[in-house]
Every structure is written in structure tokens, then in C-alpha cells.
Amino acid sequence: MTALLPTRKDEAYRYADLDALAPLWPVAVERIVLADGEQRALSIIESGQAPVARELAVVLGKGARLDLRVLNAGFAYARIAVRAELGEEAEFIFGAAQLANGQQVQEIVTEVLHAAPGAISRQTVRSVAGGQATTNYLGKVRVAKGADGTDGEQSVRAMLLDRTAKANAKPELEIFADDVKCAHGCAVGELDAGGLFYMASRGIPPEQAKALMLQAFIAEAFAGAADEEALLAQALERLGEVL
Amino acid sequence: MLNIDNLQATVADKPILKGLSLSINAGEIHVIMGPNGAGKSTLAYTLGGRPGYEVTGGSAMLDGQDLLALDPHERAAAGLFLGFQYPVEIPGVSFVQFLREALNAQRKGRGEEPLSGGEFLKLAREKAALLRLDMDMLKRPVNVGFSGGEKKRAEMVQMGILDPKLAVLDETDSGLDIDALRVVGDGINAIMRRPDKAVLLITHYQRLLDYVKPDFVHVLAGGRIVKTGGPELALQLEEEGYEAVAA
Ligand SMILES: Nc1ncnc2c1ncn2[C@@H]1O[C@H](COP(=O)(O)OP(=O)(O)O)[C@@H](O)[C@H]1O
Ligand SMILES: [Mg+2]
């Protein structure tokens, strides 16, 4: 841990709100260590008024499974960074949604290391930005030498509600092993105009139509979570304000 | 019920509807036929208020209400239903949720009480059965993974649930096999053939008209109605082609 505030030159802080980050610096690392075969589900919901920055260091033992979900639904800068090291045949499920408006910056930064053979990582990140807000996802999947049979997946999508909103998405792969299955998809877009008109033609007002579509969009990050309902309920509440 | 007078509309600054006039009374079924690119879908979308379809002149009244002054969702609440030539897929939103919100939004717009979950499901089940669509299909996301024919039947289920005054059905018969055509035709009759309702059917083929007997048939070409007749006009068009008949 360093006391020096990062700069834009640090790849992981390229799009960060450094002014908001300064008073939070240095960020204490929260360690999450799962023993061999251990299974855990964890949800992080940020919904407050104050800026937040969190740094999670996850270590998964052999055959361990962590299901981690993150909802950035607060009103200020929010940065959730997760470093995860996966042991043999460990499984890391990561689902995150962000909802930003105004001048807000929200970001999810992940670095997943497949350190041993046969581990699985599945990341799903869904971001919604309105107004002049910015959402970021920087996600690196690294596959160490010898980590054969790795299965890594990143599905990253962002939806912009206004022309002034921004989304940065950067999924990255770094592979030093053979026989690896890694897939990433990444898309930044707007709500489908054809779908919105279809809904309107059936009598659904525009705001409600957008909310329905965004609800489905965000739900992809929380599918199968232990706290699925709580996460969705909180997301919907924030969605009402972002729209 | 529907009075369209000298309607003019552009798409991407290109004039498509060039003074189209048409009146439909309650209890009537009208058919519009016409060559590809004539402006049939443009007419449907313009009546529905689709963004990008700009009205540059004329008027369209539904039961004395200025349709063109309303937002698309308000037109639905006023009693207009659009059957899409290409129904849209909406991932992650189930038909049941979509239609329940649609119906209740319409009812709210008309100052009526919302339907409860149970009441709605009963209605949906009844209309799905009418169109021989498995109720389980309505639990799936809107139109996602539906075949062409299933999408068209689902359009008619939606029409049954929303119970409009006027249905504008854009090529509802395309993509249907013979059996589905009969089911859809029977569905249109069951839902819409009533003294207080009317239908504007856009089609290329006479075959749907074997099941849904029209009162009037119009030929749309070059953005206008160029000929109007009875059911026999559809037969004549099928035999002789648009050019010969509408010239
Ligand atoms: N989105 C669009 N952008 C540009 N031109 C369009 C668009 N939609 C329709 N048109 C044009 O408008 C004309 C009428 O199209 P359409 O109403 O779809 O005809 P029809 O349904 O009778 O086959 C065609 O010349 C078509 O190319
Ligand atoms: Mg058409």
C-alpha cells in the first residue's frame, strides 16, 4: 500500500475521479480468503451520498467458490476494485451493476489471475449512465503459465441514456498457458429505439418503457445471486432517479 | 371511426405519403394492398407516431380525437392497435409483464382501475387459447426466439388482451402457413368483428381475405389511395397485378 495518490498514468486509474479519490487515499485492502473447497456468496451494495473506494483482495483455494455481486447505486464517486487469485479448479463468479447520473463517476476494476489449472471465472458487468456521468470497467484476466484448462469469461455492456454520458470499457486478456477458453464481449450502446416504440405502441409511457428495458439489462448481472431480489430492488430504486 | 384526410408524411426528409385520404366507419374492415415500397408500412407507423415518420400535412382523427397530436402511448390508450410487420424482440422482459404493464398503463390513461395479477392472467390465458399459442410462450421474453408465425400469433394475442377500437395490421399474414393463417383470421374476426370496432388490414395477398371478409379494398400506390372497391378488387389485383388495375 502506498500513500502516494495514483495519477492518470496508472492504467487502473485512467478514468478515475482523482479529486474524489484523494481524501479516501490510501485505500485499505479488504482480504477475502477462501480455504480449499470453501464456498461463499457475498454482496456489496453502495447506495450512499459520500464517495467510496474499496479494494478487495480475493484468494480462492483449491476448488473454492466465491459468488461476488456488486451494486454501485450511490450518489457520488464509487470505485470497487477486486483482485482475485484463483487456485486449482476454483470458481469466481462476479456480477456487477452501476447506475450513474449527474456528474458522477463509477468504476469497477478487476484483475483476475488464474494461477493454477482448471479454474473458472465469469464476470458480468452492466452499467447505466445518464446526464454527464461516466461509468468505467477495467478488467484484466491473466492466465499464468501452466494454468491449463482455464475458463474465463467477461461480458461487459454499458447503456448510455444521454448523449453527454460516457462509458469506458476495457476487458483485457493476458494468457501464458495452453488449452485455455477465454471469451469476452464488450458493447456500449443506447436503448433500442425499435423496442421503445414497440412498447409505446402498446400503451407503455416512455419512462416506464425505459425502466423495463433497463431492469432487464441490470438483472443480467445479478442472475442466480443469493441476494438477487435485494440487489434488484435497490437497483430499481436508483434507476428511478437516473432516468 | 378513423378519418384520414390528405395525410402527408416524410421519412428521412423523403416524401412517402403524398395526400392520403381514407375513412373507416365502426363495424367495417378495410384492406390496403399495394406494391412494395408504396408506403403501406409508413402509413401504419405514421398513425402509430413512430419517431422519424414526420407528418408534413393533413390530419388523422380517431373517433373525433386528433391522433397526430398524441404521443404514441396515448394513441394506444385512445384505442389504436398496431400489428407490426416485423414484431420487435425485447430481451429480458416477459410478455406477461410487458402486456400487463401495457394494459394497466392504458387503463390508467382512460381513468380505469388496474387489473390484478390474477385477472390479467385469466385474460391472457383466454386470448392465448383463442390464437392457439401456448401460455408458456407468454412467460418468455417478448418475441425472443419466436418463429415468424409465432410472432404474428403473439401480435394477435396482444390485440385480444388490449382490446382496441381500431387495429391497423401490417402484413399480419406474411410468414404464416395455411393452418396459422386460418387461426389468425379467426382470431381477427373473434376479436375485432364488432359493431364498435374497425380494422385496417395491410396485405399483399388475397388468401387472408378468404377468412377475414373485407367491406372495402383500397390500392395504395405512390403514397396515395389510387383505387377503392369491394372484395372483388382484391381478386382482380391478384389476377392482373397492381400495374394493370391501378394504372
Ligand atoms: N427508415 C427509412 N429510411 C428511409 N427510407 C425509408 C425508411 N422506411 C421506409 N422508407 C422508404 O419509404 C418508402 C415506403 O416504404 P414502406 O412504407 O415500408 O413501403 P411498403 O410497406 O408499402 O412496402 C420506400 O421507398 C422505402 O424505401
Ligand atoms: Mg411494409
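As the structure is a computational prediction, the values presented were derived from the model and not from experiment. Below, chain A is the first sequence line, B the second, and so on; all start at residue 1.
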**Request:** Name the region of B:Arg50, side chain, backbone, both or neither, that has any atom closer than 4.5 Å to a heavy atom of chain A.
**Result:** both
**Item:** Per-residue contact mode, B:Asn104 against chain A (heavy atom under 4.5 angstrom)
**Value:** neither
**Asked** Counting only heavy atoms not in B:Arg193, do more than 12 fall under 6.0 Å of its CZ?
**Response** yes
**Prompt:** Is chain A contacted by the side chain of B:Glu74, its backbone, both, or neither, given a heavy-atom distance below 4.5 Å?
**Reply:** neither
**Prompt:** chain A heavy atoms under 4.5 Å from B:Pro87: which part of the residue, side chain, backbone, both or neither?
**Reply:** both
**Request:** Below 4.5 Å from any heavy atom of chain A, which atoms of B:Glu101 appear? Answer side chain, backbone, both or neither.
**Result:** both
**Asked** Do A:Arg202 and B:Leu103 touch side chain to side chain, with heavy atoms closer than 4.5 Å?
**Response** no
**Asked** Got a sec: does the NZ of B:Lys151 have more than 12 other heavy atoms crowding it under 6.0 Å?
**Response** yes
**Request:** List the atom of B:Ala105, the atom of A:Ile204, and the distance in Å for their closest heavy-atom pair.
**Result:** CB-CA, 4.4 Å
**Complete:** Heavy-atom nearest pair, B:Gly49 first then A:Phe197, reads C-CE1, 3.7 Å
**Request:** For atom OH of B:Tyr86, decide whether the heavy atoms of other residues, nucleotides or ligands shown that lie under 6.0 angstrom number more than 12.
**Result:** no
**Asked** Would you call A:Asp192 and B:Val88 a side-chain contact if the rule is heavy atoms closer than 4.5 Å?
**Response** yes
**Request:** Could you tell me if the ring centre of A:Tyr198 sits under 6.0 Å from that of B:Phe98?
**Result:** yes
**Asked** Hey, which of B:Pro164, B:Pro72, B:Gly92 has the most heavy atom pairs under 4.5 Å with chain A?
**Response** B:Pro72
**Prompt:** At a heavy-atom separation under 4.5 Å, does B:Ile90 approach chain A through its side chain, its backbone, both, or neither?
**Reply:** side chain
**Message:** Within a 6.0 Å radius of atom CG on B:Asp13, are there more than 12 heavy atoms belonging to other residues, nucleotides or ligands?
**Reply:** no
